[in-house]
Amino acid sequence: MGAYFIIGAIILIVLIFVCAGLKIVPQSQTLVIERLGKFHRVLNSGINIIWPILDKPRQMYFRHVFTDYDGRIKVRTKLDDKIDLREQLIDFPPQSVITKDNVMTSINAILYYQIMDPIKAVYEIANLPDAIEKLTQTTLRNVIGELEFDETLTSRDTINSKLRDVLDDATNKWGVKVNRVEVQDITPPASVKEAMEQQMQAEREKRAKVLRAQGEKEAAILQSEGEKQSRINQAEAEKQTKILKAQGEAEAKIVAARAEAEAINNVTAAIGKTDISPANYMIAEKYISALKDMVSGKDNKTIYMPYDASAALGSIGCIKDLFNQKG
């Protein structure tokens with residue numbers, strides 16, 4: 001019985017020893033193993049065997065985000081022997097910074113980093129998350145201090161780029177790669193915020209007045225263009241009317257002249273080769289028509305005779321003799 005007990009105890013110790021020396025490392029994680037307090041090797045993902053008494057994993061600080069009983073999100077820093085090689089983030093609380101034009105504002109940011117060399121991350125810095133946070137805060141103050149407040153609000157990409165470059169260079173000796181830095185919120189003081197709102201309101205009113213003035217200007221231009229075009233059309237219509245009227249009068253005169261010429265030819269043909277001139281005949285006819293109009297009035301008592309009325313009367317006498325001969 002004593003021998004069985006000793007053998008069982010030995011087997012139990014061996015099993016405990018084997019279990020203690022068997023290390024299963026999850027994917028994207030690693031362990032830094034120290035042998036008798038000195039760095040020995042780095043364990044890769046999968047099954048690894050170490051000497052339980054001689055070898056021991058080195059622990060380092062990590063931040064863990066959790067929710068308390070009140071539903072509030074909290075961050076806790078604790079030691080862990082498994083080093084996560086995945087990309088991690090640090091959400092920094094808001095901090096006060098002063099711009100180049102002495103405006104105090106509150107800024108919070110998010111940093112994404114990844115451990116590239118676990119040996120440096122363990123041995124080059126004591127508390128990696130706190131060191132990255134403090135470095136980010138001081139770098140953020142320096143970057144914001146070089147910009148004016150208006151530039152701070154409109155140059156987030158510039159701030160992010162400068163922060164990433166400075167932090168990536170500073171954390172390189174810790175075996176850390178800073179992938180991105182994002183500025184979340186920029187909260188100015190209440191007085192500055194009120195002044196900004198007033199400025200924005202004034203800018204909106206200015207734009208509204210400018211747009212209104214431009215609209216009135218365009219409306220006036222369109223109205224003047226319309227009146228101009230209307231006047232042009234009216235003048236063109238009057239021009240065409242006068243042209244058509246002149247053309248009509250010209251054609252009427254041409255027709256009248258043709259008729260008069262035809263009448264003269266008829267008179268000439270009727271008179272024949274007598275001593276009476278067709279021109280005198282036409283003149284006499286015009287004189288007779290004029291005398292008729294002169295005496296046609298009711299109260300006309302005076303008759304105006306032309307100075308050369310004797311010639312006209314002579315023409316009339318000749319015409320009378322002609323008709324007597326024809327008869």
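Atom set for the values below is all heavy atoms of this structure, side chains included, hydrogens, waters and symmetry mates excluded. By convention here, the first residue in the shown sequence is residue 1.
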Going only through I, L, V, M, F, W and Y residues with side-chain contacts under 4.5 Å, is there a path from [X] to [Y]?
{"X": "Ile50", "Y": "Met60", "result": "no"}
{"X": "Val166", "Y": "Leu147", "result": "no"}
{"X": "Val143", "Y": "Leu135", "result": "yes"}
{"X": "Met116", "Y": "Leu43", "result": "no"}
{"X": "Leu167", "Y": "Ile144", "result": "yes"}

Say whether, by atom type as modelled, one donor and one acceptor occur between the side chain of [X] and the main chain of [Y] under 3.5 angstrom.
{"X": "Ser96", "Y": "Thr105", "answer": "no"}
{"X": "Gln114", "Y": "Leu85", "answer": "yes"}
{"X": "Ser161", "Y": "Asp157", "answer": "no"}
{"X": "Asn142", "Y": "Thr138", "answer": "yes"}
{"X": "Ser155", "Y": "Thr152", "answer": "no"}

Show the nearest heavy-atom pair for residues [X] and [Y], with the distance to one decimal.
{"X": "Gln88", "Y": "Ile115", "result": "NE2-CD1, 4.3 Å"}
{"X": "Arg164", "Y": "Val178", "result": "CG-O, 3.8 Å"}
{"X": "Lys100", "Y": "Glu146", "result": "CD-O, 3.8 Å"}
{"X": "Ile110", "Y": "Leu89", "result": "CG2-CB, 4.3 Å"}
{"X": "Phe62", "Y": "Ile83", "result": "CZ-CA, 3.6 Å"}

Heavy atoms, side chains only, cut-off 4.5 Å: are [X] and [Y] in contact?
{"X": "Arg141", "Y": "Val97", "result": "yes"}
{"X": "Pro57", "Y": "Ile33", "result": "yes"}
{"X": "Ile119", "Y": "Phe39", "result": "yes"}
{"X": "Lys56", "Y": "Glu34", "result": "no"}
{"X": "Asp165", "Y": "Asp169", "result": "no"}

**Residue pairs, two or more places apart or on separate chains, that pass side chain to side chain donor-acceptor pair (under 3.5 Å) and touch residues 238-256** =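 For residues 238-256: Glu236-Gln240.
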**Prompt:** Which pairs, with at least one residue in residues 10-33 and sequence neighbours excluded, count as a side chain to side chain donor-acceptor pair (under 3.5 Å)?
**Reply:**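 Of all non-adjacent pairs touching residues 10-33, none passes side chain to side chain donor-acceptor pair (under 3.5 Å).
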**Apart from Leu79 itself, residues in the same hydrophobic cluster as defined by side-chain heavy atoms under 4.5 Å** =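 Members alongside Leu79: Tyr61.
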**Prompt:** Members other than Ile49 in its cluster, when Ile, Leu, Val, Met, Phe, Trp, Tyr link by side-chain heavy atoms under 4.5 Å?
**Reply:**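 Besides Ile49, the cluster holds Leu22, Ile24, Ile47.
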**Asked** salt bridge (charged side-chain N to carboxylate O under 4.0 Å, His left out) with Arg86: which residues, sequence neighbours excluded?
**Response**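 Scan of Arg86 (salt bridge (charged side-chain N to carboxylate O under 4.0 Å, His left out), adjacent residues dropped) gives Asp84.
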Between [atom1] on residue [X] and [atom2] on residue [Y], distance to nearest 0.5 Å:
{"X": "Gln59", "Y": "Lys82", "atom1": "CD", "atom2": "NZ", "result": "10.0 Å"}
{"X": "His40", "Y": "Arg58", "atom1": "NE2", "atom2": "CZ", "result": "16.0 Å"}
{"X": "Ile90", "Y": "Ile132", "atom1": "CD1", "atom2": "CD1", "result": "4.5 Å"}
{"X": "Asn108", "Y": "Asp91", "atom1": "CG", "atom2": "CG", "result": "6.5 Å"}
{"X": "Asp101", "Y": "Asp150", "atom1": "CG", "atom2": "CG", "result": "7.0 Å"}

**Request:** Check the pair Asp185, Thr187 against side-chain hydrogen bond (donor to acceptor under 3.5 Å, both in side chains), reporting the backbone distance first and the verdict last.
**Result:** CA-CA 6 Å; Asp185 296 323; Thr187 307; 5.7 Å; no
Show me, pair by pair, the donor-acceptor contacts under 3.5 angstrom made by side chains of residues 219-233, not counting sequence neighbours?
| unit_1 | atom_1 | unit_2 | atom_2 | d |
| --- | --- | --- | --- | --- |
| Ser224 | OG | Ala220 | O | 3.2 |
| Ser224 | OG | Ile221 | O | 2.7 |
| Gln229 | NE2 | Asn233 | OD1 | 3.3 |
| Asn233 | ND2 | Gln229 | O | 3.1 |

**Item:** Residues, nucleotides or ligands: over 12 heavy atoms within 6.0 Å of Ile53 CD1
**Value:**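 Counting neighbours around CD1 of Ile53, 12 or fewer heavy atoms of other residues, nucleotides or ligands fall under 6.0 Å, so no.
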